[in-house]
Amino acid sequence: MKISGKIRVAVAVVSLIYILIPLLVTIPASFTSASYPSFPPHGFSLQWYVKLLERPEFVEAFWNSAKFAFLTAFFSVLLGTLGALAIAKYDIPGKSYLVSLLTAPLTVPQLVLGVALLIYFTPMLLAGTPTGFLIAHIIICVPYVIRFVLTGLSGFDYTLERAAAILGASPVTVFWRVTLPLIRPAILSGALFSFLTSFDNVTVSLFMVSSDMRTLPLEIFSNMQDAYSPIVASVSSVVILISVVLILILEKIHGVGRLLGSTH
């Protein structure tokens, strides 16, 4: 048992190092004083972060990513929370199949999902439009909200709602004063995860954007194809920092591991 436990720890450590290697290379490379990418970096300089602010395509792409991420988080929370409440509170025929259907985008490779959405949206004239882009991101983010809220509802005490109703509270008041405060951490976690998923998405976004609508991850992807420079490392480091901060907030609020927890 002790040997088996040590092997699991060793595998976990090796896996973690393997995952962190790109970060350990990209972030130091963004501080190089050379005019070309280098690792270890030659000297220390913040020039590439200054030049980042002088590149309007990156600034515009950042605001596009933030805008769509906020909208995606809002609509994903709205639809995902209502869906999770309906699944948890009502005896719906075929509930398990419905949950599997609503969370199916979690199991489908995003490359396949991107191609499918492009084929489906093209006849509807939604491909390459902001509306189609937003709908695609909502589709991939709603399942996360459903999982979070269902996990939050797994230990929910429904007698609190009944007690409030007996005391004369209306259904709306019960929801706002009893249900919502108790599941707020799960909803906030779903919102943060949706924002992060939308902000960082490349695969599905690649099929949904047009030439005049760019996001930050796609701008990074495009610049890496054309000519890799330290400015790409600096903007990548900014994205990494935003992602890490949101993940730490998410862990503090709800716990990332609980995303894989049991559902109703």
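Residue numbers count from 1 along this sequence. Worth knowing before you read on, the calculation uses all heavy atoms, side chains too, and leaves out hydrogens, waters and symmetry mates.
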*Asks:* So Pro217 and Ser65, do their side chains get closer than 4.5 Å, heavy atoms only?
*Replies:*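 In contact.
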
*Asks:* Decide yes or no for Ile135 and Thr131: does some side-chain heavy atom of the first lie under 4.5 Å from some side-chain heavy atom of the second?
*Replies:*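 Yes, close enough: below the 4.5 Å cut-off.
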
*Asks:* Would you say Phe133 and Val204 make side-chain contact, with heavy atoms under 4.5 Å?
*Replies:*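 Not touching, per the 4.5 Å side-chain cut-off.
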
*Asks:* Please find the pair of heavy atoms, one from Leu153 and one from Ala88, that lie closest to each other, and give the distance.
*Replies:*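 That closest heavy-atom pairing would be CD1-CB, 3.6 Å.
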
*Asks:* Quick one: list whatever passes salt bridge (Lys or Arg N to Asp or Glu O under 4.0 Å) with Glu57, sequence neighbours left out.
*Replies:* Arg55

*Asks:* Donor-acceptor pairs under 3.5 Å, side chain of residues 109-122 to any protein atom, not counting sequence neighbours: which ones?
*Replies:*
{"from": "Gln110", "atom 1": "OE1", "to": "Asn201", "atom 2": "ND2", "distance (Å)": "2.7"}
{"from": "Thr122", "atom 1": "OG1", "to": "Leu118", "atom 2": "O", "distance (Å)": "2.5"}

*Asks:* Would a 4.5 Å heavy-atom cut-off, applied to side chains only, mark Val142 and Leu102 as touching?
*Replies:* no

*Asks:* Looking only at non-hydrogen atoms, find the nearest pair between Met208 and Gly132 and report the distance.
*Replies:* SD-O, 4.0 Å

*Asks:* Report yes if the side chains of Ser194 and Thr197 come closer than 4.5 Å at any heavy-atom pair, otherwise no.
*Replies:*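 In short, these two side chains do not touch, never coming nearer than 4.5 Å.
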
*Asks:* Is it true that Val108 and Ile140 fall in one hydrophobic cluster, defined by side-chain heavy atoms closer than 4.5 Å?
*Replies:* yes

*Asks:* Looking at every heavy atom in both Val77 and Val145, which two are closest together, and how far apart are they?
*Replies:*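 Scanning both residues, the minimum pair turns out to be CA-CG1, 3.9 Å.
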
*Asks:* Check which hydrophobic residues are tied to Leu78 through side-chain heavy-atom contacts below 4.5 Å, counting indirect links as well, and list them.
*Replies:*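 Hydrophobic cluster check, Leu78: joined to Leu82.
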
*Asks:* So which heavy atom on Pro130 is nearest to which on Phe68, and how close?
*Replies:*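 Distance-wise, the nearest heavy atoms are O-CE2, 3.6 Å.
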
*Asks:* Check whether any side-chain heavy atom of Ile242 sits under 4.5 Å from a side-chain heavy atom of Phe62, and report yes or no.
*Replies:*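 Side chain of Ile242 against side chain of Phe62, heavy atoms only: contact under 4.5 Å found.
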
